[in-house]
Amino acid sequence: MVQRNLSRDSRSSETTKHIFVTGGVASSLGKGLTASSLGHLLRARGLSVTMQKLDPYLNVDPGTMNPFEHGEVFVTDDGAETDLDIGHYERFLDENLTGMANVTTGQVYSEVIEKERRGDYLGNTVQVIPHITDEIKRRMRLPAIDPGKGKKAPDVIITEIGGTVGDIESQPFLESARQVRQDIGRGNVFFVHVSLVPFIGPSQELKTKPTQHSVAALRSIGIQPDALVIRSDREIPPEMRIKLGKTCDVDPEAVINCADAPSIYDIPVVLHSQGLDAYIVQHLGMKFKDVNWSKWNKLLDAVHNPKHHVEIALVGKYIDLPDAYLSVTEALRAGGFANKTKVAIRWVPADDCSTDAGAKKALAGVDAICVPGGFGIRGLDGKLGALKFARENGLPTLGLCLGLQSMVIEYARNVVGLADASSTEFEPETKHPVIATMEEQLEIVDGKGNLGGTMRLGLYDATLTEGSVIAETYGKTAVAERHRHRYEVNNAYRDQLSEAGLVFSGTSPDGKLVEFVELPKAVHPYYVSTQAHPELSSRPTRPHPLFAGLVKAALEFQKAGK
């Protein structure tokens with residue numbers, strides 16, 4: 001009720017159109033990639049676009065969730081721990097989003113309960129409708145109503161609703177989306193439903209019935225999809241698109257088939273070739289230009305016509321779920337695009353590298369390695385083993401977050417001679433804590449504070465050493481990267497490690513925190529690491545320098561025949 005008045009009183013919310021992307025039949029169909037590709041197309045048509053992901057789980061954010069549960073945690077510049085789809089949005093829009101882009105059931109209920117405790121509802125019974133749905137709607141429309149100081153409301157908000165139609169957890173979000181259409185006018189809202197047409201092997205048939213049932217479930221709660229994006233493992237025939245249009249009450253030209261593609265970066269072209277973006281802007285009555293493909297065509301040329309091939313080992317402990325390293329793998333591939341190179345990723349379980357023989361076998365034939373972040377002691381010995389092998393054999397190496405900490409521990413143990421060097425994260429009583437807790441985190445680690453949202457999170461500045469490998473790779477000495485960690489290099493050991501040859505080539509501007517570590521180029525061609533997560537700011541059209549540098553070093557390593 002209050003929300004409807006707020007929406008109608010705000011001129012920006014009247015002019016800002018809203019596109020909702022829902023999913024049916026099964027999860028992991030690619031709603032996020034569909035939404036991202038649509039956002040890219042509308043942006044390429046000259047419209048201003050922002051994006052959101054609504055997650056139905058009760059966690060306030062994914063920060064405390066196991067990567068096997070949720071995949072990677074994507075951190076924004078402002079330090080919000082968000083869903084991995086926010087990473088897709090940033091990569092396809094080439095824009096840095098904020099924590100406002102991710103809304104969870106946990107956030108919504110926490111806000112409503114806090115208001116109830118304060119007495120904001122004046123004694124009313126607090127219910128899902130209208131109180132929860134009003135809070136969801138407020139967050140849905142926030143980019144239009146309050147875009148931020150100095151910012152204009154976007155032309156379009158694209159909101160992906162997590163989960164699958166029929167899930168009990170998603171119902172308040174779907175109901176809120178239905179109400180938004182009523183609040184701001186039917187002509188200002190567009191629903192895209194992503195669904196599956198499976199191929200049944202024994203009968204050799206594609207089946208539309210699951211999608212028909214999914215749309216029926218959506219219509220039963222008051223939402224009629226305006227377009228269907230059909231996922232399939234092969235192209236569906238035109239007559240099947242016509243059938244789906246008739247049975248689901250969708251214009252046949254708005255039934256789009258998005259079959260499995262060679263690259264996720266092909267998806268915008270697929271959607272555009274079938275006219276989805278043109279249909280939407282016409283439906284919403286928006287002024288638009290023709291799509292400018294210049295930058296994207298250059299990317300697709302690098303994707304499909306590489307001049308070189310390299311293999312890079314990703315040494316981690318969550319490799320059974322590739323989504324746990326989604327931004328890392330996309331950054332590695334983008335580093336390849338910068339070098340006209342196809343990057344093949346070898347998934348290496350960290351434990352396979354825990355011995356010298358194991359590391360030699362697991363990393364045989366690769367052109368470079370990447371050691372990503374993580375939490376907990378499992379897999380640590382394997383990361384140390386992989387780094388030792390790479391350091392001793394001149395294998396190009398990039399360490400990220402725990403990768404930097406592992407690089408310091410390995411060097412302290414095997415070069416400096418501190419055999420029991422470790423991190424207080426893994427061994428609180430270690431004799432040589434070369435990695436230790438940040439001072440302000442001590443109470444949290446001791447169990448006296450909340451774990452969620454309390455790490456060093458978000459964008460931080462760093463100063464690089466002139467002439468270092470890192471500075472040459474970046475091409476500058478002042479950088480800013482996103483962080484997500486609780487432990488740091490222990491300053492008490494910096495001099496000892498430096499004297500032994502390890503270079504601390506980047507620190508916080510005040511010099512107190514180590515941000516980058518490397519070996520000199522005279523010792524190793526590319527052995528670098530960062531306490532940050534540079535993968536989060538890499539873009540397919542604007543690859544991150546550290547990943548482009550790794551691929552370049554891998555090509556040189558390959559050329560040398562090492």
Side-chain angles (χ1 to χ4, degrees), residues 28-45 72 74 84-95 229 231-235 256-274 276-277 290-314 322-323 325-347 366-368 370 396 398 534-556 558-559:
S28 301
L29 284 182
K31 291 195 305 295
L33 287 168
T34 300
S36 300
S37 299
L38 184 55
H40 174 82
L41 286 170
L42 297 181
R43 177 71 63 84
R45 284 185 175 275
E72 76 169 2
F74 189 88
L84 60 81
D85 277 321
I86 308 304
H88 283 314
Y89 303 164
E90 286 204 355
R91 285 187 286 274
F92 277 75
L93 290 180
D94 193 10
E95 179 180 328
V229 173
R231 294 283 291 109
S232 57
D233 67 349
R234 66 203 65 206
E235 299 287 342
I256 309 301
N257 182 207
C258 199
D260 293 348
S263 167
I264 61 173
Y265 302 117
D266 288 321
I267 298 173
V269 178
V270 172
L271 297 181
H272 177 73
S273 67
Q274 297 179 55
L276 178 62
D277 52 321
D290 289 338
V291 175
N292 182 347
W293 287 110
S294 55
K295 187 182 290 187
W296 208 252
N297 282 339
K298 186 177 178 181
L299 165 65
L300 291 179
D301 182 58
V303 170
H304 297 298
N305 302 297
K307 294 180 180 178
H308 315 284
H309 292 74
V310 296
E311 185 176 20
I312 297 178
L314 185 65
D323 274 359
Y325 300 114
L326 183 59
S327 289
V328 177
T329 56
E330 290 308 312
L332 287 169
R333 293 186 178 106
F337 303 156
N339 291 277
K340 280 284 188 175
T341 299
K342 181 177 178 61
V343 174
I345 295 170
R346 182 186 298 185
W347 298 89
V366 300
D367 303 301
C370 179
L398 175 59
E535 69 274 15
L536 301 176
S537 56
S538 178
R539 307 283 185 260
T541 53
R542 199 161 40 83
H544 192 281
L546 293 183
F547 290 89
L550 180 68
V551 175
K552 181 180 178 183
L555 287 168
E556 292 170 355
Q558 185 186 80
K559 188 176 179 181

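Quick caveat, the model's predicted, so the values are computed rather than measured. Along the sequence shown, the residues carry numbers beginning at 1. These numbers come from the heavy atoms of this one structure, side chains and all, not from hydrogens, waters or symmetry mates.
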Using the side chain to side chain contact (heavy atoms under 4.5 Å, CB included) rule, take Glu330 and Ser538 through it: C-alpha gap first, then chi angles, then the decisive distance, then the call.
CA-CA 8 Å; Glu330 290 308 312; Ser538 178; over 6 Å; no
Apply the test side chain to side chain contact (heavy atoms under 4.5 Å, CB included) to residues Ile345 and Arg333: give CA-CA distance (whole Å), side-chain angles for both, the deciding distance (0.1 Å), then the verdict.
CA-CA 9 Å; Ile345 295 170; Arg333 293 186 178 106; 4.0 Å; yes
Between Leu555 and Val310, does a side chain to side chain contact (heavy atoms under 4.5 Å, CB included) hold up when you go through it step by step?
CA-CA 7 Å; Leu555 287 168; Val310 296; 3.5 Å; yes
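Note that NE2 of His308 and NZ of Lys342 are 14.5 Å apart. Values are rounded to the nearest 0.5 Å. Between the NZ atom in Lys298 and the CZ atom in Phe337 there is a gap of 13.5 Å [rounded to 0.5 Å]. In this structure, CG on Leu332 lies 5.0 Å from CD1 on Ile312, to the nearest 0.5 angstrom. Here the straight-line distance linking atom CD1 of Ile264 with atom OG of Ser36 works out to 8.5 Å at 0.5 Å rounding. Rounding to the nearest 0.5 Å places NZ of Lys552 at 7.5 Å from CG of Asn339. Going from atom CG of Asp290 over to atom CZ of Arg45 covers 6.5 Å, rounded to the nearest 0.5 Å.
Checked by atom type and distance alone, the side chain of Trp296 pairs as donor or acceptor with a backbone atom of Tyr265 at under 3.5 Å. Looking only at distances, no side-chain donor or acceptor of Arg539 sits under 3.5 Å from a matching main-chain atom of Asp94. Side-chain atoms of Asp233 do not come within 3.5 Å of backbone N or O of Asp260 as any donor-acceptor pair. Formation of a donor-acceptor pair under 3.5 Å by the Gln558 side chain with backbone atoms of His309 is found in this model.
Classification of Lys559 and Glu556 as a salt-bridged pair fails, no side-chain N sitting under 4.0 Å from a carboxylate O.
Taking 4.5 Å as the limit, every side-chain heavy atom of Pro306 sits out of range of all side-chain heavy atoms of Thr341. Under the 4.5 Å side-chain criterion, counting only non-hydrogen atoms from C-beta, Cys370 is in contact with Val328. Using a 4.5 Å heavy-atom threshold, the side chains of Lys340 and Asp301 count as touching. Under the 4.5 Å side-chain criterion, counting only non-hydrogen atoms from C-beta, Lys31 is not in contact with Asp85. Inter-residue side-chain proximity for Asp266 and Leu300 is flagged as met; some heavy-atom pair is nearer than 4.5 Å. With contacts defined as side-chain heavy-atom distances shorter than 4.5 Å, the pair Trp293/Val269 qualifies.
Closest of all the heavy-atom pairs between Ser37 and Ile267 is OG-CG2, 3.2 Å. Of all the heavy atoms in Asn257 and Val270, the pair that sits closest is O-CG1, 3.8 Å. Residues Ala553 and Pro396 come closest through the heavy atom pair O-CG, 3.6 Å. For the pair Leu38 and Leu271, the tightest heavy-atom approach, listed with the atom from each and the gap, is N-CD1, 4.2 Å. When all heavy atoms of Pro540 and Leu299 are compared, the closest pair comes out as O-CD1, 3.5 Å. Between Ala35 and Tyr89 the shortest heavy-atom distance is CB-CE2, 4.4 Å.
Below 30°, between 30° and 60°, or above 60°: for Phe92 and His40 the angle between ring planes is above 60°, a perpendicular geometry.
Of the N and O atoms on the side chains of Arg91 and Ser327, at least one donor lies less than 3.5 Å from an acceptor on the other residue.
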